[in-house]
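Only heavy atoms go into these numbers, but all of them, side chains included; no hydrogens, no water, no symmetry mates. Whatever order the structure lists ligands and atoms in, that order sets their numbers, starting from 1.
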Amino acid sequence: MNPLRPVILAASASPRMKRIVTATPVTAEIVRRFVAGEGRDELIPVVRELLASRRLVSVDFLGENTTDRAQADVTVAEYLSLINDLAAMNGFRDATARTEVSVKLSALGQALPVDGPAIATENLRILCTKAAQAGVWVTVDAEDHTTTEATLTAVREVRAEFPWLGVVLQAYLHRTEADCRELSGSRIRLCKGAYREPHTVAYQRSAEVTDSYLRCLEILMCGAGYPMVATHDPVLILAAEQLAAETGRGPDRFEHQMLFGIRDPEQLRLAAAGNAMRVYVPYGSQWYGYLTRRLAERPANLTFFLRALVSK
Ligand code: FAD
């Protein structure tokens with residue numbers, strides 16, 4: 001694992017750091033690389049362009065750790081409008097070419113002091129009801145490990161009514177192999193994991209995380225569900241292709257997923273080769289947490305940021 005990662009993630013939690021980063025003019029340039037825009041007016045042309053290049057999309061309205069009920073309601077309203085907009089862009093290729101929204105339960109109210117998990121679960125149900133009518137998919141993002149159990153509980157509950165509801169599992173968590181076994185019959189997005197986690201719950205070394213990812217991927221690929229292989233790592237992308245061939249999974253029975261702005265040529269290559277290639281596209285003004293996780297993943301991103309800062 002990148003040695004700077006825990007340092008950056010720890011520093012990013014400081015309110016002072018947040019004020020400095022968000023007030024720095026150069027930040028806007030970096031944000032544009034990873035975020036499609038602040039509003040749907042900026043998002044929609046980006047989505048159209050991705051769909052035209054044979055890629056699929058999962059759109060995330062940025063926001064997390066909401067401690068204000070009114071803000072959670074605003075988030076739900078924005079997602080309902082977003083689902084409408086995405087539904088209008090569905091079906092450009094075939095039935096599996098659905099658009100998708102990704103959502104964090106902490107943006108839907110999970111962290112509210114009173115009844116947070118119940119409010120977030122109800123809000124998730126509202127989004128799924130609308131998405132089912134519109135023919136859009138929903139996948140629930142994974143946040144830090146203190147939320148994992150509550151998130152999976154909410155997903156299990158809502159999935160009883162909406163079996164297509166997806167959820168993200170993080171290979172760096174010790175528990176994830178067991179979660180993959182339990183959930184391998186459903187839509188699972190497998191990623192490495194982007195938060196700062198203690199060694200008591202998560203693998204710390206990158207080789208251990210990769211090994212865990214491979215074990216989890218094999219479980220999902222051998223299962224009856226729909227694996228969503230969310231990684232930019234060439235070793236894991238190749239492993240997914242090999243496992244798909246061994247298990248007889250065609251391109252309609254699993255998909256590759258990457259983040260907007262990362263390894264664009266590889267995204268295009270996978271799509272052109274006939275694979276389902278979905279891009280996770282974030283938009284909105286609450287980009288700080290998302291951006292710091294992207295900076296922490298790759299020292300080169302931080303160097304780019306610091307260089308731009310110094311050159312101003
Ligand atoms: P890495 O080993 O980190 O990267 C492999 C290669 O990809 C690098 O060598 C580099 O070339 C490129 N790369 C990776 N990251 C960057 C970057 N930031 N900037 C530039 N190049 C980069 N994490 C969560 O904890 N919860 C989630 O819900 C979640 N959802 C995700 C959804 C999708 C679709 C994807 C693709 C990732 C998601 N992640 C999520 C993030 C994930 O956990 C990893 O932090 C991230 O994908 C980097 O890991 P990697 O598998 O790409 O491998």
Per-atom contacts of ligand 1 with [X], taking only distances under 4.0 Å to non-hydrogen atoms:
X    : answer
V168 : 27 (C), 28 (O)
Q257 : 34 (C), 36 (C)
M258 : 36 (C)
Y280 : 32 (C), 34 (C)
D141 : 28 (O)
R189 : 32 (C)
A230 : 33 (C), 34 (C), 35 (C), 36 (C)

Q.
Nearest 0.5 Å, please: how far is CD in Q170 from SG in C216?
A.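 So the SG of C216 and the CD of Q170 are separated by 11.0 Å.
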Q.
Against V136, only a single residue in I83, V59, L127 fulfils side-chain contact (heavy atoms from CB on, under 4.5 Å); can you say which?
A.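 One option only clears the test, and that one is I83.
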Considering only protein heavy atoms, which is closest to [atom], and at what distance to one decimal place?
atom                    : answer
atom 41 (C) of ligand 1 : R294 NH2, 3.7 Å
atom 43 (O) of ligand 1 : G193 N, 2.6 Å
atom 13 (N) of ligand 1 : I262 CG2, 3.8 Å
atom 19 (N) of ligand 1 : N301 ND2, 2.7 Å
atom 35 (C) of ligand 1 : L259 CD2, 3.4 Å
atom 53 (O) of ligand 1 : K192 NZ, 3.0 Å
atom 50 (P) of ligand 1 : T231 OG1, 3.6 Å

Q: Would you check if L268 and R54 make a side-chain contact, meaning some heavy-atom pair closer than 4.5 Å?
A: no
Q. Do the side chains of D141 and R189 get nearer than 4.5 Å, heavy atoms only?
A. yes
Q | Minimum-distance pair of heavy atoms, taken over all atoms of D252 and Y226 | A | O-CE1, 3.5 Å
(Q) How close do R249 and G225 get, counting heavy atoms only, and between which atoms? (A)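 Scanning both residues, the minimum pair turns out to be NH1-O, 3.1 Å.
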As a check for students: among [options], identify the option with a heavy atom nearest to [atom].
atom                    : options                : result
atom 23 (N) of ligand 1 : A142, P282, C191       : C191
atom 10 (C) of ligand 1 : E297, R298, R278       : R298
atom 6 (C) of ligand 1  : Q170, H256, E255, H232 : H232

Q: Please confirm whether Y172 and H174 have ring centers closer than 6.0 angstrom.
A: no
Q.
Please report whether the ring centroid of F61 lies less than 6.0 Å from that of Y283.
A. yes
Q) With respect to N84, which candidate in Q133, K130, R40 satisfies the side chain to side chain donor-acceptor pair (under 3.5 Å) definition? A)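 Only match with N84 under side chain to side chain donor-acceptor pair (under 3.5 Å): K130.
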Q: Measure from atom 4 (O) of ligand 1 to the protein's non-hydrogen atoms and state whether any distance is below 4.0 Å.
A: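 Protein heavy atoms within 4.0 Å of atom 4 (O) of ligand 1 - there are none.
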Q: Considering only NZ, NE, NH1 and NH2 on the basic side and carboxylate oxygens on the acidic side, decide whether R69 and D115 come within less than 4.0 Å.
A: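 Salt bridge flag = no for D115 with R69.
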Q.
Can you see whether R159 engages S186 through a side-chain donor-acceptor pair at a distance of less than 3.5 angstrom?
A. yes
